[in-house]
*Asks:* 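Pasting a structure here, questions to come.
Excluded from the calculations below are hydrogen atoms, water molecules and symmetry mates; all remaining heavy atoms, backbone and side chain alike, are included.
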Amino acid sequence: MASTEKKKKKGIVHKMMFGNEDRPDITPEQLNMSKWALFKFIFFGRFGTTVLLNILTLLFALPGIAVILLFYLNKSVAASFTPYSSNIGIGYPVVDNAAQLGAMTDFYYAMTEFLILVPCIAVFALGVAGNLYVIRKLIWQEPTSTVKDFFRGIKKCWLGALPMGLVFGLTLLLVVFSTGYFDAYSLHPAYKAVMMTLSIILLVFMIIFSSFFMTQLAAFKMKPMVLIRNSFLFVFGAFLQSIIFIGIGLIPVYFMFIPGITTVLVIIYFFIGFSFSTIVISLFCHFCYEKFLYDKVTDRPAAVYSKRERDELAETDKAKKKQPTTYKNPKKRKKSIDEGSSITPLTPTFRREDLERLQREHEQIMRESEVAEETPTPDNADSANNPAPENVDPAPNNADSDEN
């Protein structure tokens with residue numbers, strides 16, 4: 001008598017790393033779910049994976065967080081020794097230009113801080129690349145191993161993520177420069193307004209550009225110049241939509257400008273802040289790819305199909321059904337069931353493209369069965385157009401005699 005082994009219960013760490021193995025298989029309806037439904041499926045249905053991804057990304061943000069904290073403490077100490085009040089006769093010694101001296105000190109501190117943050121942002125971009133790679137697999141509903149796929153994504157995307165992080169860090173440095181330079185040297189406010197406007201426009205452009213660049217880098221195998229060109233085209237082709245949806249994805253960033261909620265901000269960014277942003281931005285970018293890019297990509301996975309391609313296949317099927325069917329001799333031997341289309345069995349580690357292929361094979365078999373049902377029988381085959389001649393011996397039952 002075979003002994004039944006009790007199924008070992010999986011812990012929360014195993015579920016966060018490999019997902020819940022007891023979840024039912026993906027249905028064909030889930031393959032074509034809307035982006036809002038896909039967001040709920042990933043963010044709430046795979047919440048453990050989302051939290052683990054956020055913690056892994058946070059590890060790559062630690063160098064930048066350490067630099068920000070150190071400069072914050074240093075500026076707090078330095079501010080206590082700056083004689084801002086000496087210019088009105090209080091304090092000793094008297095400093096006539098104390099306000100300008102304070103502005104210059106703040107400017108030098110800010111420039112030094114963000115200059116050091118440039119390589120830290122490049123390191124953080126590696127974590128974002130790994131995060132986006134796992135999110136891409138979740139969007140395409142492929143089997144994922146969170147930790148393993150996270151570092152596999154870094155290995156795949158590091159060559160493009162590092163330069164992108166450096167360029168984005170230099171853009172932030174330019175914004176900080178335009179904010180403090182004109183106050184530190186008492187230049188005309190009009191220069192500051194023009195410089196700040198141009199630098200903010202550049203920052204918005206770089207946020208949208210880097211979003212498209214990083215998501216393409218994690219999703220497709222493209223040459224660097226193709227990635228840059230596509231990202232430029234997406235920025236100008238979907239600029240207003242990008243501002244709206246990427247702005248929604250960056251909602252956790254807005255909490256930094258609200259005073260008094262530091263604890264809440266730390267909790268949000270520790271558990272879901274980075275992952276929330278990458279999920280929303282990835283879903284929007286993949287929506288743009290489905291609309292404009294998938295028809296041009298030759299090495300995309302079989303699971304990815306644009307709506308335009310599906311519509312063209314549907315129109316082709318309708319056109320084939322409208323065409324007149326050719327006459328089939330009922331005396332000929334009919335096909336065996338083994339000669340038609342067959343269903344390819346799924347492997348234990350099936351992927352989303354396997355389910356797509358299974359659905360297409362099923363539809364092909366259904367179309368063949370419909371054609372077989374519409375095939376005329378020997379009694380009424382073309383009786384109107386090709387009447388049977390008189391005094392003709394009936395055909396023998398043996399199908400081979402027809403060939404002899």
Side-chain angles (χ1 to χ4, degrees), residues 12-20 23 33-65 120-158 161 164-165 168 207-208 210-219 242 244-256 261-287 289:
I12 185 172
V13 177
H14 185 278
K15 289 183 178 180
M16 289 176 67
M17 292 179 65
F18 299 100
N20 190 355
R23 296 175 67 88
M33 65 175 67
S34 64
K35 291 297 180 286
W36 169 243
L38 196 55
F39 171 79
K40 293 189 292 184
F41 174 78
I42 296 174
F43 190 74
F44 297 105
R46 300 294 298 271
F47 188 75
T49 302
T50 303
V51 173
L52 181 58
L53 267 181
N54 197 84
I55 295 173
L56 291 172
T57 310
L58 186 65
L59 295 177
F60 288 82
L62 290 179
I65 295 173
C120 297
I121 293 173
V123 173
F124 175 64
L126 296 177
V128 174
N131 190 310
L132 289 171
Y133 183 78
V134 180
I135 294 299
R136 186 269 290 174
K137 297 193 73 173
L138 292 176
I139 290 175
W140 290 351
Q141 299 184 24
E142 297 177 353
T144 55
S145 174
T146 307
V147 178
K148 190 179 295 184
D149 287 332
F150 179 84
F151 289 101
R152 185 182 291 120
I154 294 176
K155 182 180 179 181
K156 175 182 179 293
C157 306
W158 71 271
M164 190 71 252
F168 191 83
I207 291 174
I208 301 174
S210 59
S211 299
F212 284 113
F213 183 91
M214 295 292 288
T215 48
Q216 283 182 100
L217 185 67
S242 301
I244 295 173
F245 287 99
I246 295 178
I248 293 174
L250 296 179
I251 283 177
V253 180
Y254 306 150
F255 286 93
M256 292 174 19
I261 59 169
T262 306
T263 305
V264 177
L265 181 65
V266 170
I267 294 174
I268 289 174
Y269 267 97
F270 183 81
F271 288 103
I272 60 171
F274 297 121
S275 292
F276 175 83
S277 299
T278 52
I279 290 172
V280 175
I281 292 174
S282 294
L283 287 172
F284 168 71
C285 291
H286 280 79
F287 163 76
Y289 302 154

*Asks:* Atom CG of Leu126 and atom OG1 of Thr57: how far apart are they, to the nearest 0.5 Å?
*Replies:* 11.0 Å
*Asks:* Considering only heavy atoms from C-beta outward, does the side chain of Ser242 approach that of Phe212 to under 4.5 Å?
*Replies:* yes
*Asks:* For the ring pair Phe124 and Phe274, is the centre-to-centre distance below 6.0 Å?
*Replies:* yes
*Asks:* Kindly indicate, with the supporting measurements, whether the criterion side-chain contact (heavy atoms from CB on, under 4.5 Å) is fulfilled by Asn131 and Leu56.
*Replies:* CA-CA 8 Å; Asn131 190 310; Leu56 291 172; over 6 Å; no
*Asks:* Could I get the full list of side chain to side chain contact (heavy atoms under 4.5 Å, CB included) partners for Leu265, not counting sequence neighbours?
*Replies:* Phe255, Met256, Tyr269
*Asks:* With distance as the sole test, does Lys156 use its side chain to make a donor-acceptor pair with the main-chain N or O of Gly130 at under 3.5 Å?
*Replies:* no
*Asks:* What I'd like to find out is whether the side chain of Ile248 reaches to under 4.5 Å of the side chain of Phe284, using heavy atoms alone.
*Replies:* no
*Asks:* Can you name the residues that form a ring pair (Phe, Tyr, Trp, His ring centres under 6.0 Å) with Phe39, not counting sequence neighbours?
*Replies:* Trp36, Phe43
*Asks:* The test is side-chain contact (heavy atoms from CB on, under 4.5 Å); show your working for Leu58 and Ile65 and say whether it passes.
*Replies:* CA-CA 9 Å; Leu58 186 65; Ile65 295 173; 4.0 Å; yes
*Asks:* Working to the nearest 0.5 angstrom, can you tell me the gap between Ile279 CD1 and Leu138 CG?
*Replies:* 7.5 Å
*Asks:* Can you tell me how far the CD1 atom of Ile267 sits from the OG1 atom of Thr262, to the nearest 0.5 Å?
*Replies:* 11.0 Å
*Asks:* Under 4.5 Å between any side-chain heavy atoms of Met214 and Ile281, yes or no?
*Replies:* no
*Asks:* Quick check: do Thr278 and Leu53 have side-chain heavy atoms less than 4.5 Å from each other?
*Replies:* no
*Asks:* Using 0.5 Å steps for rounding, measure from the NZ atom of Lys40 to the CG atom of Leu38.
*Replies:* 11.0 Å
*Asks:* Between Asn54 and Gly273 (side chain of the first, backbone of the second, donor and acceptor by atom type, cut-off under 3.5 Å), is there such a pair?
*Replies:* yes
*Asks:* Considering residues, nucleotides and ligands other than Lys35, do more than 12 of their heavy atoms fall under 6.0 Å from its NZ?
*Replies:* yes
*Asks:* Determine whether Ser275 and Val51 satisfy the following criterion, side-chain contact (heavy atoms from CB on, under 4.5 Å), listing intermediate values before the conclusion.
*Replies:* CA-CA 7 Å; Ser275 292; Val51 173; over 6 Å; no
*Asks:* Between Met164 and Ser210, what is the shortest heavy-atom contact and its length?
*Replies:* CE-CB, 3.8 Å
*Asks:* Rounded to the nearest 0.5 Å, what separates atom OG in Ser277 from atom CD1 in Ile272?
*Replies:* 9.5 Å
*Asks:* Which heavy-atom pair separates Ser211 from Thr215 by the least distance, and what is that distance?
*Replies:* O-OG1, 2.7 Å
*Asks:* Find the distance between SG (Cys285) and CD1 (Ile135) and round it off to the nearest 0.5 Å.
*Replies:* 12.5 Å
*Asks:* Given the rule in the side-chain contact (heavy atoms from CB on, under 4.5 Å) test, do Phe271 and Thr50 qualify, once you have shown the distances and angles that lead to the verdict?
*Replies:* CA-CA 8 Å; Phe271 288 103; Thr50 303; over 6 Å; no
*Asks:* Report the relative orientation of the aromatic rings in Phe60 and Phe150; use parallel for angles under 30°, tilted for 30 to 60°, perpendicular for over 60°.
*Replies:* tilted
